[in-house]
Amino acid sequence: MIYPKNEMIEQLLASAVDEETGEMLFTEEELEQKLAAIDIEFDEKIKALRNSYKQDKLDAELVAAEASALHKVQQETSKRAKVIENRADRTKRFIAWLLKGEKFDKDGVKISYITRQDTVIDDGFVEWALHNAPGLLNEPTIRKQDLTAALKNGSKIEFAHLEPKKYVQVK
């Protein structure tokens, strides 16, 4: 601020507020005593406080606008990343289709496959689990990790089974 007395009020207000939480560190009485110690007219004090309030409100609006803009950029970036990820996945599936499951290792390009057991859930599983294994459900969804673990441990579960699935590895 231009005027040293107003700057003193600004400094007083800055010291009276916790920077991280925005909470007042002084009681209103303590703040009033500290404000009374600043030697300027009451009307000038009110004007300085009003200016401080308006500046804080403007700063808050600017920060909120910046946060909104950053959120929008994050959403757009996430969408773009998903598009690129989908394109890479399609390319990998196309490579697997071209090779028809055959390995490829030539000129530094290596295509191989790994086989994992995927859990396949058939129609009727939820109804069956409600009566026979409610621990496999997390209403309203299936707890697939627990289901997979149970199947791998040899449990016989109706309407669910493990099925081998090949995954392409591109290096």
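Note that the coordinates shown come from a computational prediction; the quantities given were computed from them, not determined experimentally.
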I need the Ile121 CD1 to Thr148 OG1 distance, nearest 0.5 Å.
7.5 Å

When you compare the side chain of Gln74 with that of His71, does any pair of heavy atoms fall below 4.5 Å?
yes

Interatomic distance, CG@Leu162 vs CD1@Ile157, rounded to 0.5 Å, equals 9.0 Å

CD/Glu32: more than 12 non-hydrogen atoms of other groups inside 6.0 Å
no

So Tyr167 and Asp118, do their side chains get closer than 4.5 Å, heavy atoms only?
yes

Between Ser68 and Ala64 (side chain of the first, backbone of the second, donor and acceptor by atom type, cut-off under 3.5 Å), is there such a pair?
no

If I take atom CZ from residue Arg143 and atom CG from residue Leu137, how far apart are they, to the nearest 0.5 angstrom?
9.0 Å

Just so I know, are the side chains of Val168 and Leu99 near enough to count as touching, which here means a heavy-atom distance under 4.5 Å?
no

Distance (rounded to the nearest 0.5 Å) between Ile111 CD1 and Lys106 NZ
13.0 Å

Glu76, CD atom: more than 12 neighbouring heavy atoms under 6.0 Å
yes

Contact check, side chains of Gln117 and Pro164, non-hydrogen atoms, under 4.5 Å
yes

Verify the neighbour count for atom CD of Gln75: are there more than 12 heavy atoms of other residues, nucleotides or ligands below 6.0 Å?
yes

Side chains of Arg87 and Val83 in contact at under 4.5 Å (non-hydrogen atoms):
no

Residues in side chain to side chain donor-acceptor pair (under 3.5 Å) contact with Asp59, at least two apart in sequence or another chain:
Gln55

Look at atom OH of Tyr53 and say whether more than 12 heavy atoms of other residues, nucleotides or ligands are closer to it than 6.0 Å.
no

Membership question, hydrophobic clusters at under 4.5 Å side-chain separation (ILVMFWY): are Val17 and Leu25 in the same one?
no

Following the transitive rule for hydrophobic clusters with a side-chain heavy-atom cut-off under 4.5 Å over Ile, Leu, Val, Met, Phe, Trp and Tyr, establish whether Val170 and Phe104 coincide in one cluster.
yes

Short N-O contact, Lys47 and Asp43, less than 4.0 angstrom
no

Note, Leu147 side chain near Phe125 side chain (heavy atom, < 4.5 Å)
yes

Salt bridge check, Lys82 against Glu85: does any charged N sit closer than 4.0 Å to a carboxylate O?
yes

Show, in sequence, the C-alpha distance, side-chain angles and deciding distance for Lys54 and Leu58, and conclude whether the side-chain contact (heavy atoms from CB on, under 4.5 Å) test is met.
CA-CA 6 Å; Lys54 286 191 162 245; Leu58 179 61; over 6 Å; no

Roughly how far apart are Lys72 NZ and Leu70 CG, rounded to 0.5 Å?
12.5 Å

Ring geometry between Trp97 and Phe94 (parallel below 30°, tilted from 30 to 60°, perpendicular above 60°)
parallel

Give the minimum heavy-atom separation between Asp18 and Glu20, together with the two atoms involved.
OD1-N, 2.8 Å

Tell me whether Trp128 is reachable from Val120 by hopping between hydrophobic residues (I, L, V, M, F, W, Y) whose side-chain heavy atoms are closer than 4.5 Å.
no

Does Lys166 reach the side chain of Ile114, with side-chain heavy atoms less than 4.5 Å apart?
no

Working to the nearest 0.5 Å, report the span between NE2 of His161 and CG of Asp122.
5.5 Å

